[in-house]
Structure formats: C-alpha cells, structure tokens
Protein chains: 2
Amino acid sequence: MDVRRAAGLSRRLRDGGLRATGPRTEVLGALEDLGGHRTADEVYDLLSTRGRRIPRSSVYNVLASLVGAGLALTADAGPGAVLYEVAGEWHHHFVCKVCHRVTDVPCAAGKPCLTPSGDIGVVDEAQVIFRGTCADCLTHS
Amino acid sequence: MDVRRAAGLSRRLRDGGLRATGPRTEVLGALEDLGGHRTADEVYDLLSTRGRRIPRSSVYNVLASLVGAGLALTADAGPGAVLYEVAGEWHHHFVCKVCHRVTDVPCAAGKPCLTPSGDIGVVDEAQVIFRGTCADCLTHS
DNA sequence: CCGTTTATTGGAACCAGTCCAGAAAAGCGG
DNA sequence: CCGCTTTTCTGGACTGGTTCCAATAAACGG
C-alpha cells in the first residue's frame with residue numbers, strides 16, 4: 001500500500017479515536033477498495049490475495065471497532081452474513097428477494113430521518129429496508 | 001391444547017393454503033402464546049417445556065412455511081438470530097442498542113409504505129428499523 | 001527508549017441454520 | 001373406511017458465520 005494512502009487511512013482512524021494499527025488500516029483500506037456492502041469474509045479474502053495473512057477473528061475485531069468509531073456501518077439486509085460498508089452519505093437499502101443483492105437508495109433527508117411517534121426512548125437512526133425484485137431479476141425471468 | 005384452539009389454528013393454516021399438521025398447529029400456537037418477536041429456539045424451548053419433543057429442524061421448517069403462507073413474519077432487527085412474529089397489523093421496529101429488545105412501532109400507513117425514488121425494480125415492502133436507547137435503559141443508566 | 005495501555009493472534013468453541021434420506025402423516029378418490 | 005399419492009416430519013450430520021480467550025505483540029505518551 002502506498003505511503004500517502006496509508007497516512008490518510010491512519011489519520012481517519014485517529015480522527016475516529018482509534019489507534020492506527022496495521023490491521024486497522026489494512027481492513028479499512030480493503031473495505032474501501034471493495035466498495036459497496038461486504039462481508040467480513042470478503043475483506044478477509046481480499047487481504048489474503050494481497051498476501052496479508054491475518055486471522056479471520058482479527059477482521060471481525062477490526063470491523064467491530066470501525067463500526068464503533070463510526071468509520072464503517074453495518075447494512076441491515078436481513079439474515080445471513082453481516083454486511084459492512086465504509087461510512088459515507090446516509091442512505092437506505094434495497095434488497096432483491098431473488099438475487100439478494102443490496103443496492104443503495106439515497107435518503108431524502110441525507111441523514112438519519114423519520115421519527116416514530118410515541119415515547120419510546122431516544123432514536124439515533126432510522127434505516128429503511130426496501131424489499132422486492134430488482135430490475136435485472138425482473139427482465140431475466 | 002384445547003380443542004377449540006386447535007381447530008382455530010388449523011383453520012388459519014388451511015386458509016393460508018397449508019395442510020394442518022400437528023407440528024404446524026403447535027408451532028403457530030407457541031409463537032402466538034409467546035407473543036412479540038421470537039427466535040426459532042424460543043419456540044423450540046416452549047414446546048419442549050410443554051413436553052412436545054420436536055426436532056429443531058422441524059421448527060425451522062414450519063416457521064419457513066408459516067412465513068411463506070403469510071401467517072408469520074420475520075422481523076428485521078439486525079444481526080443475530082432471525083425473529084419471527086405472528087402476522088398482524090403491519091408495523092416497524094425499534095431496536096434498543098443497549099438491551100437489544102425489539103418494540104413494535106405502528107406504521108402510519110398501516111401497510112407496507114414508502115417507495116424509493118428511481119427505477120430500481122419492484123418494491124414489495126419497506127420496513128423501517130429505528131435504533132436507539134429505550135426508555136428503560138435510559139433511566140437505568 | 002520504556003512502560004503502560006491497547007490491540008492482535010490463532011485456535012477452539014459456539015450458535016444459528018441447512019441438508020438429506022428414510023419414516024410418517026395428510027388428504028384424495030373410491 | 002381403504003389404499004394411494006403427495007406432502008411433511010424427523011433426526012442427525014454438517015456448514016457458515018461469529019465469538020471467546022489467553023498469550024503475544026504493537027502503539028503511543030512521557
């Protein structure tokens with residue numbers, strides 16, 4: 001990984017209140033390179049093909065701290081492996097019932113939106129999951 | 001289980017297009033008795049304490065057919081075990097980040113609502129997950 | 001450079017869920 | 001009520017995803 005890239009990643013980690021360790025820069029970099037919604041194993045596999053041997057459990061550890069620091073998000077997409085993505089513009093997800101692919105859906109508010117009525121507690125975010133059949137799967141059937 | 005109850009459950013199963021078998025009436029009854037959002041294992045445990053030995057895989061099978069028939073729903077609540085609930089009024093969920101309890105949030109529309117903009121495919125439903133801290137956890141901290 | 005604090009490693013263990021093939025039950029026509 | 005066909009159930013093995021833990025190593029403030 002080139003030096004500028006690593007420095008940028010390190011700074012983001014520190015800005016998030018995390019120590020800038022090797023595994024953390026590598027995992028964050030890999031998640032960013034992959035783009036979109038990825039499982040811990042996909043990150044693990046990319047690092048492996050790059051020759052970086054790292055235990056799976058470390059990938060899980062790191063992803064958990066990235067989420068804790070707000071640098072990554074888990075995408076709610078239903079059962080199965082948890083999907084992670086680099087934190088960016090707030091958005092929602094469309095999950096295709098056929099191919100299970102997850103597509104971003106821009107959020108009108110651009111930030112956590114919608115508040116439930118009633119005295120339920122403090123709501124930090126509202127995420128919407130749209131379920132249906134994607135355009136691709138509609139044409140291929 | 002009393003006879004009237006069993007008959008009612010059987011009828012609901014048949015109305016849903018399913019054969020009214022023992023495991024299905026028992027699982028549907030147990031899910032209803034438990035109320036709220038429950039994992040397959042919670043249903044399994046209730047049946048066990050009732051002295052009904054049934055394989056866990058049967059509970060999974062049955063829950064899957066109940067969902068397929070529209071008699072039960074899976075509640076989107078993030079990672080972890082899938083939560084099932086008896087189908088009723090369409091609603092959303094508030095998930096407490098502290099105690100992980102799931103609370104129903106009435107849906108203003110009373111049915112699958114919200115449509116994403118853009119040509120994304122066919123949207124069947126839109127489920128909202130509110131995340132935050134529930135009233136109980138706020139006071140106890 | 002040292003010490004303290006925090007993170008990583010690697011492997012074992014765990015839990016949720018799926019798969020499969022034989023056995024049983026449901027519902028049909030007669 | 002009987003037997004036939006189809007659907008469902010069973011039980012156990014198995015997988016994938018994730019967490020746990022105790023020893024080791026690395027980060028960073030002084």
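Letters A, B, ... are given to chains in the order of the sequence lines, protein chains preceding strands, and every chain is numbered from 1.
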Nearest-0.5 Å distance, CD of residue Q127(A) to CH2 of residue W90(A):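 Rounded to the nearest 0.5 Å, the CD-CH2 separation comes to 4.5 Å.
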Taking every non-hydrogen atom, the tightest pair across [X] and [Y]:
X	Y	value
G78(B)	I129(B)	N-CD1, 4.4 Å
V43(A)	A30(A)	CG1-CB, 4.1 Å
A81(A)	T39(A)	CB-CG2, 3.7 Å
R101(A)	C134(A)	NH2-SG, 4.4 Å
A126(B)	V128(A)	CB-CG1, 4.2 Å
L138(A)	G121(B)	CD1-CA, 4.1 Å

Would you mind writing out the side-chain donor-acceptor pairs for residues 58-74 of chain A within the sub-3.5 Å range, not counting sequence neighbours?
residue, atom, partner, partner atom, Å
S65(A), OG, R24(A), NH1, 3.4
S65(A), OG, N61(A), O, 3.1
S65(A), OG, V62(A), O, 3.0

Non-neighbouring partners of E85(B) that pass salt bridge (Lys or Arg N to Asp or Glu O under 4.0 Å), sequence neighbours left out: none
Which residues share a salt bridge (Lys or Arg N to Asp or Glu O under 4.0 Å) with D45(B), sequence neighbours left out: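 Once residues adjacent in sequence are excluded, D45(B) has no partner under the salt bridge (Lys or Arg N to Asp or Glu O under 4.0 Å) criterion.
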Residue-level proximity of residues 15-29 of chain B to DNA chain C when a heavy atom falls under 4.0 Å: R19(B), A20(B)
DNA chain C-proximal residues of residues 37-50 of chain B, any heavy atom under 4.0 Å: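 When residues 37-50 of chain B is checked for heavy atoms under 4.0 Å from DNA chain C, the hits, listed by number, are D41(B).
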Please tabulate, for the side chains in residues 12-20 of chain A, all donor-acceptor contacts under 3.5 angstrom to protein atoms that are two or more places apart in sequence or on a different chain.
residue, atom, partner, partner atom, Å
R12(A), NH1, E32(A), OE1, 3.3
R12(A), NH1, E32(A), OE2, 2.9
R12(A), NH2, E32(A), OE2, 2.7
D15(A), OD2, R11(A), NH1, 2.9

Range on DNA chain D touched by chain A, heavy atoms, distance below 4.0 Å: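 Result: dG17(D) to dC28(D).
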Contact boundaries on DNA chain C for chain B, cut-off under 4.0 Å to non-hydrogen atoms: dA16(C) to dG27(C)
Expected output: side-chain H91(B) to main-chain P106(B) donor-acceptor under 3.5 Å: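 Looks like no, no N/O pair under 3.5 Å.
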Whether R5(B) side chain and G29(B) backbone form a donor-acceptor pair below 3.5 Å: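 At least one qualifying donor-acceptor pair exists.
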ring-ring contact (aromatic ring centres under 6.0 Å, His included) contacts in which one or both residues fall within residues 61-89 of chain B, not counting sequence neighbours: none
Summary of ring-ring contact (aromatic ring centres under 6.0 Å, His included) pairs that have at least one residue in residues 22-58 of chain B, sequence neighbours excluded: H37(B)-H93(B)
Members of residues 56-72 of chain A that approach DNA chain D, where some heavy atom sits under 4.0 Å away: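 Those residues whose heavy atoms fall under 4.0 Å from DNA chain D, taken from residues 56-72 of chain A in numerical order, are R56(A), S57(A), Y60(A).
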Pair R52(B)-L46(B), side-chain contact (heavy atoms from CB on, under 4.5 Å): steps then yes or no: CA-CA 9 Å; R52(B) 174 56 163 109; L46(B) 177 58; over 6 Å; no
Terminal axis angle for the helix from dC1(C)-dG30(D) to dG30(C)-dC1(D), five pairs an end, nearest 10 degrees: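 Overall, the helix from dC1(C)-dG30(D) to dG30(C)-dC1(D) bends by 40° from one end axis to the other.
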Ion pair check, D33(A) and R50(A), cut-off under 4.0 Å: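 Salt bridge: yes.
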